[in-house]
Structure formats: structure tokens, C-alpha cells
Protein chains: 2
Amino acid sequence: MRRMTARPANAHQARLLKLLRDGGPNSRAQLGDQIDLSRSKLAVEVDRLLETGLVVADGLAASRGGRRSHNVRLNPGLRFLGVDIGATSVDVAVTNAELETLGHLNQPLDVREGPVAVFEQVLAMAAKLRATGLAEGFDGAGIGVPGPVRFPEGVPVAPPIMPGWDGFPVREALSQELGCPVMVDNDVNLMAMGEQHAGVARSVGDFLCVKIGTGIGCGIVVGGQVHRGTTGSAGDIGHIQAVPDGRPCACGNRGCLEAHFSGAALARDAVEAAQQGLSAELATRLETNGGLTAADVAAAAAAGDATSLDLIREGGNRVGQVIAGLVSFFNPGLVVIGGGVTGLGHTLLAAIRTQVYRQSLPLATGNLPIVLGELGPTAGVIGAARLISDHLFSPA
Amino acid sequence: MRRMTARPANAHQARLLKLLRDGGPNSRAQLGDQIDLSRSKLAVEVDRLLETGLVVADGLAASRGGRRSHNVRLNPGLRFLGVDIGATSVDVAVTNAELETLGHLNQPLDVREGPVAVFEQVLAMAAKLRATGLAEGFDGAGIGVPGPVRFPEGVPVAPPIMPGWDGFPVREALSQELGCPVMVDNDVNLMAMGEQHAGVARSVGDFLCVKIGTGIGCGIVVGGQVHRGTTGSAGDIGHIQAVPDGRPCACGNRGCLEAHFSGAALARDAVEAAQQGLSAELATRLETNGGLTAADVAAAAAAGDATSLDLIREGGNRVGQVIAGLVSFFNPGLVVIGGGVTGLGHTLLAAIRTQVYRQSLPLATGNLPIVLGELGPTAGVIGAARLISDHLFSPA
DNA sequence: ACGTCTTTGTCCTGCGAGTGGAGAAAGTTG
DNA sequence: CAACTTTCTCCACTCGCAGGACAAAGACGT
């Protein structure tokens, strides 16, 4: 199948494509209610979109008391690839143009093996998904990487946990391999876009999306747009000082948030606690599995292990303190907590909330929901698909 | 003189007005180079602006090798009033449409006396400026207040240091008194806009403007636009925790940045040091003036007083630590330091820089200038004038 | 079965925004 | 005084778009 190459010719068409993406199949009349255009002009633009093949007719809708409308929808054959590369695992998903996930794979992975090895694996996963008949090819792909990205070029810059990726032309290389347009962004930004598109952050203009996984990052959305900063490192809150003269961090400083709480730090603390005999629960798990992860702590906590609960609470307090500062500074309308440690659930959330509501000013916290992400591990890939669709659904 | 009431009729006219405001008198040809319009269309819009009186002819320019051009400029009779209400003083200035300060008054003031008393004083100052012949009336006014503002309505909300102002309809009341359109904003945001318009932040899209006066606040500019947050309290960094279990703060918490460093905190520390006999220099000043201010500390430091230098350095370290966190989070292209303590000069700046460059990641700090504001006490009033001119120079 | 009302979609006319070229006006330079 | 530049004005033409007339298609009451 030859892939779609057309792009909207003007802002109206771009708007229409996004309405169809976010609202599903729709009639001309309904589209007219959502866009500021006369019916005549609207019809012209829809016809042009039909000609390009981006949009197809979709039968007749039920009558609403008069003549039945002819529905149109985005071409159901369009396929986007969403890739979310984490520090220790990778998610690859295929979506249609409405960004519905049609297939999803998750595999362990070590980013430190470098871009070549990683992309080999990612392409194999994409091929596997394609082989199931979900797609014959891709019309676009969005890629998330766990580090700062020079966004316009789609190139990672000085990523601390991704040695070997610095300056690697991810966008160009993957575009060549996949034969379709590619956009690259920080994984945290994609998570924010995912929750914005299909999760808890719908209809919120300004919000923060804190992702706590192997490391800690924060997606910043201002006026509906992701804020990436001057060098693409905005949201890099893992190395904010949380504890004066605290633990040494890989970055060379002491007391960084990431050194005191993150998936990695939590696992290390749990092993320590188990070895010191503080928790029989954790010790058992350590012996059984030969190591501990954040998931073990979550399970132990769920089983009522006091030490695990303490670890989670203490970590939540640290993160909460930093978030409290960010809330005072940024005054968001919503804070989303996501990432691998979402499994720690409400114990973590309660600790964070306590800190934020106690430390920030009432005006900033009065109407501020602090919630867990709704999409879990699919937030990243949905955000990735959204990234490339936003790009392709904009005038060329 | 009847004031101007016209507004630009469309986006082109708005754009032209802003070009004339920021670039001064200009010919049609030069305007054509800066705007994406054909000469014919441009001429039409300029003619319409001439008809409204917002723009007037300004003679012939020198030849550039051919026919001399007819210059146009903003009506030189237009007058904006810029008001910057601080905690302990107020600045009032009159500008022309190009935002050049024509007259400027500064008087001590106590905001706690409430809006009625304050506005009486402000209106008297405005009348005084008018009486000098600078203006016969005002075409618009911008007002800055030291607290959060619900921006669309121009109403302060829950301002901690301004009891009695909560919910007072500043915009409406002043608009009535002055007989012209009024816009209200946080004083810190106005300082940021001032530095953006005529100071160090020209041509920078994303920057932070930290104002250290009686309190501490931070103006946030994203993509050239001030970010005010969901409830108008964005940038309220004075109550971020800088010292765990630190000094008690007026807000009820402990260790707030403002409790450890600000104009007020510095003055208090200086008195303490003088009374403990740590500094002869400060003790002398305390005796002479019957009290100490940040300016005294600045003077003592300039005279080489070690205790004063230490106070400034320690304070700078505290602020620097918080700014380091904000830099990691926001990744700005510039950080501006301003406000009353600018007099502390490079001792303060050096301490801040040290902290930021040491604690934030290289990618975020690599090309990050941290500089003192260029406009000093006029930043606020220029920002205020800019605020109202942005409003009036937008399509109605 | 029929007329009336509602909703949807198409066609057509007309207005205003905007482009681009021709040419006049006003300079400079040799 | 001729040749070249720059600026400004005027005019014809295109195109985007609104808005109304009208046709198509269905619901509903009589």
C-alpha cells in the first residue's frame, strides 16, 4: 500500500483534520458547528480533503429530524507508529489516525547500548506489529527518548543517561528506515501530550506532568503547548536539590531529587532495608528474585509492610516538596503524576499532596487537583502518535 | 483635549501600530520591509490609521538614493500613564505612545493603607505630572500591584501583603477616575515586560525576571508572552522553601525564601548584626538613621564592611539555589535580577551565578546569561505603559 | 397518502481583502 | 540633462468567503 503523502493545504483543513481526529467521524453540519466557517466554504474544504484521500466518506448518519447527513472520517487506513524509549524498556504501538491504539508491544531494553542497537530492536518490534496485519506501512512516527532533544532537528543533546546518543540524528535516521515523517521529543513531554489528548489533562490549558520512573522529569504545558525551553531541557527536575548536602548523585552534585527518590533510588533503598533486616517482607522478595525493583516495594506496601510504606512516604515527601515549589512558581491548573512508580499508588499520592497543600500558597493550591495519570504505560506512545499527527495535520 | 478613542480595525493595523511604537517614525517603504503585505494594501491600512488620528504624517525622510519617503509616526499627543505600586513606595510615569518616559515621580507609600488612600495619592501624582504640561489627559493607564491579580478583570486576589485590596475592582475604579482604559497586573510581570520592551530582555523569547524588593517574585515570559498561571499567582516564589525548618515566615510556614532573603529580611539581619556588634559600619549607620535598609547594607558593603558582604553573599546563595531549581525546570534563555536590591550589585549577582552554574545542568546553564536589570526603577512603569499599549494596539 | 416542517447539502452571486503591475513623482549621480 | 533609483499611487484582476436561494431527504401529524 502506498502511504499517504498529502498534507492540509491551509489552516482550515488542518483544523478540520484535528476535529476529525479528536471527535471521530462527523458530518459536515456537525463540523460546521465547531468551526468558524460558512457551510459553503466548509463543503469546499471537505471536498478537497476527500480528494487528497486523507478523509473518506463514511456512510449516512442517523437522522436528527431531517435529512440524514453524509459522515466523513479520517482515512481508516492511516497508521502512526508511537515509540517510547525508556531507560530500561521500550514501548511501541500502532495507532490509527484517530490515535486509537491498535497494537502495543513492551520489551526490556538498555538505552546505554546506543542508538544503533536500540533502533534495530524498535524496528523489529514495528515489523512484528506490522506482520499481524495491523498496518502495511506507516504514515508517520513519533519517538520519545529519555533525555533532552533539540526539537526542530530531532536530535538528542547531552543526554546524561544515554551515552552514545549525543547528536545522533534520530529523526533523520528513523525517517529513512521507516520511509515516513518522524518527530522526536523527550519522553516526559510525550507523556504530557498523551494525558492531554486522551487522559486526565483533557481541557486543561496549563498543567504539569511529573514522570517518576528510573529518573524524574516533568512535562510542562503552557496554553495547550508543550514548553521545551531554550535548549530543550525544560522539565529536567531530577537534579534540583531536594536535600542540602544529601546523597551524592551521578551528576556530580549532592542531594539531587533523583538521588533521593526515583525508581532506581527506591530499589536501592529497599535492598538496603532488606539487608539491614528492617523488613522481612522485602528480605524474602530479595532472596526470591535476586534483586528488588519499585514494583516489589509497591507489592510489599500493599501487603502492609511498614518499612516499604515508610520508604514510599519519605520519597513522596521529597518529590512533594519540589513539586510544591514548582506549583508556587508555575501555578498550574493540574498536576499529573505518572511513570513507573504509579504502582505505588495512593500512598505516594497522599504524601505528595500533603507537602504541596501544606507548603504552597492557598491561592495556587485552592483548586489544584493532583492526580495519577490515567493512561499508564500507553501515555507515552499515545503522546508520540499525537506529536506526529499534530505535525502532519498542519499546513506544509 | 479630547483623548483618542480609536482602536485598530484589524490585525494589520495592530501590527503596524506596534512596529511604529517599537521602531519610531517610519516610512511606508520601511514598514513594508517589516510586514508581510503588498505595498498597495499597506498604503491603504496606513491611510486608514491616519484617518483615525492614531498615526500622523511626520514630514519627509532623507533620501536613500531616490524619491524621499513620507514618514509616519504614532500621534505624538498620545499619553499613557504607568503606575507601579510597591509595598513601600509608588512610581508614576507619563509616556508617549512610543513608551518613552516623559515624566516620572516616586513617593513613599504604604500599600496597607488600602486602595482608597493609595489611589488618592496616585491620582494626585498623576495630576501633578499633568500640571507640568506633559499631558492634558491620558489615553490609557497600566497599573502594577504587589500581589496576584485576576488579569482579565483587573482585580487583586488574596494578596498577602495588601490586606484590604482583595477583590477591589482596581481596573474599573481607576478607569472611571482617569476616564481612560486601564489594565492591571502584578508588579513583577510588569517589570518583566519593561525589561522585555526596553531593557536587557529584548529579543529573548523565554526568560525569567526575578524581582527582589520588600518581597521576592518572578516574572515568567514564555514565547514572548507573560505567563500568569491559572489563578494569576504564577511567579510567586517568595514562599518556596529555601531552608528546611528555617525561619518562621509571615505566611505561616518555615524556611520560606522571603524569610531568609529579601529587602525586609536583609534590613532585619543587618540590625541584628549591628546590635550584636559584628559590624562597626552598620552600627554607626543604625545610630545615625535610627534604622537600617537594604541600601545601608549596600553602602556598607561598598565601603568594604565584611559583615555586610557576608549577609549579601549568604542571601545570594539562598536566592541562587532557588533560581537554580527554576532554571532546571524552565530552561530559560536569560535570567534578569531586579528590584530594590539591585543596589547590592555584583556581590549579589556573583553569589547567585555561583549557585546556578554549580547546581543546574550544563545544558541549561551553558549559554545562560544571568544579569542585572537595565532599567532599574523605571522597568515597572515602562512595563505598565507597555501593558496598556499592547491592549489598545490590539483589534477591538 | 399527503402536506408541512426540519435538517442537510449544493449552487450562485456579490463583497472585500489582497496581489502585482504600470506608471507617475521625486530624488541622486555622472 | 539623461539615466537610474526609490517611493508612492492607481487600477485591474484573483481569490477567499459569506450568505441566501434552492434542492434533497427525512420526520411527523392529519
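In what follows, chains carry the letters A, B, and so on, assigned in the order in which the sequence lines appear, proteins first and then strands, with residues in each chain numbered from 1.
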Worksheet item: Are the side chains of A/His12 and A/Arg48 in touch, meaning some heavy atoms are under 4.5 Å apart?
Response: no

Practice prompt. Check each residue of residues 36-53 of chain B for a non-hydrogen atom within less than 4.0 Å of any atom in DNA chain D, then write out the ones that pass by number, or none.
Written response: B/Arg39, B/Ser40

Worksheet entry | Partner set under side chain to side chain contact (heavy atoms under 4.5 Å, CB included) for A/Arg68, not counting sequence neighbours | A/Leu60, A/Ser63

Discussion item. The test is salt bridge (Lys or Arg N to Asp or Glu O under 4.0 Å); show your working for B/Arg228 and A/Asp206 and say whether it passes.
Written reply: CA-CA 10 Å; B/Arg228 299 187 171 87; A/Asp206 297 351; over 6 Å; no

Fill in: Residue B/Asn367 excluded, over 12 heavy atoms near CG under 6.0 Å
no

Worksheet item: Charged N to carboxylate O under 4.0 angstrom, A/Glu45 versus A/Arg15?
Response: no

Worksheet entry | Salt-bridge present (A/Lys41, A/Asp36; N to O < 4.0 Å) | no

Practice prompt. For the residue pair B/Val170 and B/Val155, establish whether any side-chain heavy-atom pair is separated by less than 4.5 Å.
Written response: no

Worksheet item: Considering residues at least two apart in sequence or located in another chain, which fulfil the side chain to side chain donor-acceptor pair (under 3.5 Å) criterion with A/Asp22?
Response: none

Worksheet, complete the sentence: Residues passing the side chain to side chain contact (heavy atoms under 4.5 Å, CB included) test with B/Pro395, sequence neighbours excluded, are B/Ala14

Worksheet item: With a 4.5 Å limit on heavy-atom distance, are the side chains of B/Ile382 and B/Thr95 in contact?
Response: no

Worksheet item: In residues 12-34 of chain B, what residues come within less than 4.0 Å of DNA chain C, judged by heavy atoms?
Response: B/His12

Practice prompt. Return the value, rounded to whole Å, for the distance between atom CG of B/Leu60 and atom P of C/dT28.
Written response: 11 Å

Discussion item. Among residues 64-72 of chain B, which ones have heavy-atom contacts with DNA chain C below 4.0 Å?
Written reply: B/Gly65, B/Gly66, B/Arg67, B/Arg68

